[in-house]
Amino acid sequence: MKKSRGRTGRKRRRRKHLKSFMDGVNCSHKLEYIKLKKWLKERGFEDSNLRPAEFWGTGRGLMTTKALQAGDVIISLPEKCLLTTSTVLSSCLGGHIENWKPPVSPLLALCTFLIAEKHAGEKSPWKPYLDVLPKTYTCPACLEPDVINLLPNPLKKKAQEQKMMIQELFRSSRAFFSSLQPLFAESTGTIFNFSALEWAWCTINTRTIYMKHPHRDCFSLEPDVYALAPYLDLLNHSPNVQVTAGFNEQTRSYEIWTNSQCKKYQEVLICYGPHDNQRLLLEYGFVALDNPHSSVYVSADILLKYFSPLDKQRKAKVSILKDHDFLENLTFGWEGPSWRLLTALKVLSLAAEELLEFQGQGSC
């Protein structure tokens with residue numbers, strides 16, 4: 001029995017629709033992206049090859065409308081489009097930051113700017129960019145304590161440290177936030193609350209590009225290496241691609257060149273670095289499938305579980321490992337145990353006379 005042309009046609013259209021969805025659904029017609037592109041163009045950004053799109057595996061990203069070859073420039077974003085500490089100092093916050101003692105960190109300055117601009121709403125010149133930023137983040141720092149408790153011990157510890165770091169930043173910044181009251185009709189305690197700081201911190205931690213800036217006396221000695229890059233920050237990560245990125249002093253633009261090929265209408269991916277999935281989750285809030293850098297973290301408790309508690313030298317061995325920071329970041333990857341894990345195993349396996357000789361050498 002022959003299939004009708006109508007049924008065959010519908011199947012062909014469904015396959016085509018499914019393939020289109022798997023490749024990516026163009027979102028450049030959405031108002032927020034239209035406004036963002038217009039805003040970027042006013043600042044000198046010209047691009048005709050990248051389109052915002054939704055992808056099956058990575059969510060929101062950028063697709064290319066032409067095939068890319070190794071050596072091609074993926075994106076060139078003018079300096080005027082970048083949000084840096086220079087942007088902050090040129091705003092109404094600048095004078096308050098310059099006069100505040102002790103100096104605030106570059107990170108806090110950027111967090112403060114993001115919160116203030118978000119609060120300004122329609123009055124903010126950065127509104128087109130703020131409107132496309134995520135409203136929430138999936139970094140472990142944003143998870144509820146009962147969810148964090150479900151994580152493997154090494155990751156749980158890192159997540160708790162991350163959350164505590166943000167809490168301490170908030171606690172230590174309250175006086176500075178209060179000093180900004182003359183700039184706002186509403187109470188700074190309402191504007192610069194913990195959830196606002198957490199959102200700003202995650203925005204910077206997950207989305208900034210590395211860009212070193214000269215030290216200014218109005219900032220603390222912490223490195224000033226952050227730059228938020230509108231539109232560029234829509235590019236998603238893949239551990240299987242290679243790119244070259246940096247600020248081009250001649251064009252005064254931040255540029256990314258691809259060292260890989262990318263077919264027309266496919267998602268353009270870049271590599272954030274050779275990170276394992278724990279690092280990706282902590283820093284960016286996602287994990288990568290088929291990650292060649294994947295590794296399993298072995299906690300000290302698991303490690304010690306397989307060594308006899310009757311070992312009289314056990315306490316001394318653990319002390320040596322703690323002193324040399326060899327009970328943290330112990331991993332087992334695709335190629336086997338890491339050097340740190342092997343060293344920890346070696347120390348825990350030493351006989352009494354070997355331990356004495358090892359201690360005599362003075363280090364791991």
Side-chain angles (χ1 to χ4, degrees), residues 23-24 26-28 33 36-37 40 43-84 129 132-134 203-213 223 225-295 333-334:
D23 287 345
N26 192 334
C27 297
S28 59
Y33 295 120
L36 179 63
K37 290 293 289 287
L40 289 167
R43 285 158 176 75
F45 176 63
E46 293 290 344
D47 174 75
S48 58
N49 301 323
L50 298 176
R51 298 286 184 274
E54 288 286 337
F55 297 93
W56 176 261
T58 55
R60 186 176 66 170
L62 292 176
M63 71 160 60
T64 178
T65 57
K66 74 165 191 175
L68 297 175
Q69 306 299 324
D72 286 350
V73 175
I74 294 175
I75 192 169
S76 180
L77 195 65
E79 188 174 20
K80 288 182 180 179
C81 300
L82 300 175
L83 199 168
T84 66
Y129 175 51
V132 298
L133 287 175
T203 297
I204 293 163
N205 198 60
T206 61
R207 308 186 79 77
T208 50
I209 54 177
Y210 180 89
M211 186 176 167
K212 195 170 184 180
H213 309 287
V225 293
Y226 309 101
L228 283 163
Y231 205 62
L232 182 152
D233 62 7
L234 294 175
L235 291 165
N236 287 319
H237 166 81
S238 170
N240 302 309
V241 300
Q242 293 182 329
V243 297
T244 303
F247 188 75
N248 187 327
E249 294 289 347
Q250 292 182 323
T251 62
R252 303 302 298 173
S253 299
Y254 190 92
E255 298 177 349
I256 301 180
W257 300 267
T258 181
N259 298 327
S260 312
Q261 291 183 334
C262 184
K263 294 180 180 179
K264 187 176 181 179
Y265 298 126
Q266 284 195 340
E267 181 175 16
V268 183
L269 296 165
I270 62 174
C271 184
Y272 297 175
H275 305 318
D276 62 35
N277 279 343
Q278 174 169 302
R279 175 79 180 275
L280 289 174
L281 185 61
L282 278 168
E283 299 298 330
Y284 303 105
F286 68 86
V287 296
L289 296 176
D290 301 321
N291 188 350
H293 309 293
S294 287
S295 56
W334 292 110

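The figures that follow rest on heavy atoms only: side chains count, while hydrogens, waters and symmetry mates do not.
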(request) Would you please test I75 and F45 for side-chain contact (heavy atoms from CB on, under 4.5 Å) and show each step? (result) CA-CA 9 Å; I75 192 169; F45 176 63; 3.9 Å; yes
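Side-chain contact check for T203 versus L228: some heavy-atom pair is nearer than 4.5 Å. Residues E79 and S253 fail the side-chain proximity criterion, which asks for heavy atoms closer than 4.5 Å. L82 places a side-chain heavy atom less than 4.5 Å from the side chain of I209. Here the side chains of F55 and L269 are not in contact, with every heavy-atom distance at 4.5 Å or above. L77 places a side-chain heavy atom less than 4.5 Å from the side chain of P230.
The minimum heavy-atom distance linking L235 with V268 is given by the pair CD2-O, 3.6 Å. For the residue pair A288 and P239, the shortest heavy atom distance occurs at CB-CD, 4.1 Å. Here the shortest heavy-atom pairing between D276 and H293 reads CB-O, 3.0 Å. Pairing each heavy atom of L40 with each of C81, the nearest pair is CD2-SG, 3.8 Å. In plain terms, the two heavy atoms of D290 and N240 that are nearest each other are O-ND2, 4.3 Å. Of all the heavy atoms in E267 and T58, the pair that sits closest is OE1-OG1, 2.7 Å.
Judged as a side-chain contact (heavy atoms from CB on, under 4.5 Å), and not counting sequence neighbours, the contacts of A245 are Y254, I256.
Under 3.5 Å, the side chains of E255 and S76 contain a donor-acceptor pair of N or O atoms.
Note: E54 CD to C27 SG = 4.5 Å, rounded to the nearest 0.5 Å. Taken from CG in N236 to OH in Y284, the straight-line distance is 12.0 Å, to the nearest 0.5 Å. To the nearest 0.5 Å, the span separating NZ on K37 from CG on L50 amounts to 7.5 Å. One distance of note links CE of M211 with OG1 of T84; it measures 6.5 Å at 0.5 Å rounding. The distance from atom CG of N248 to atom CH2 of W257, rounded to the nearest 0.5 Å, is 5.5 Å. Here N259 contributes atom CG and D72 contributes atom CG; the two are 10.5 Å apart, rounded to the nearest 0.5 Å.
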For residues 60-71, run the donor-acceptor check on the side chains, cut-off 3.5 Å, and write out each pair with its distance to 0.1 Å, sequence neighbours left out.
unit_1, atom_1, unit_2, atom_2, d
R60, NH1, V132, O, 2.7
R60, NH2, V132, O, 3.0
T64, OG1, K66, N, 3.2
T64, OG1, K66, O, 2.5
T65, OG1, S48, O, 3.4
T65, OG1, N49, O, 3.2
Q69, OE1, Q261, NE2, 2.9

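Taking the six-membered ring where the residue is Trp, F286 and Y272 present perpendicular rings, their angle passing 60° and hence far from 30°.
For the side-chain hydrogen bond (donor to acceptor under 3.5 Å, both in side chains) condition, the pairs that include at least one residue of residues 225-234, sequence neighbours left out, are Y129-D233, R207-D233.
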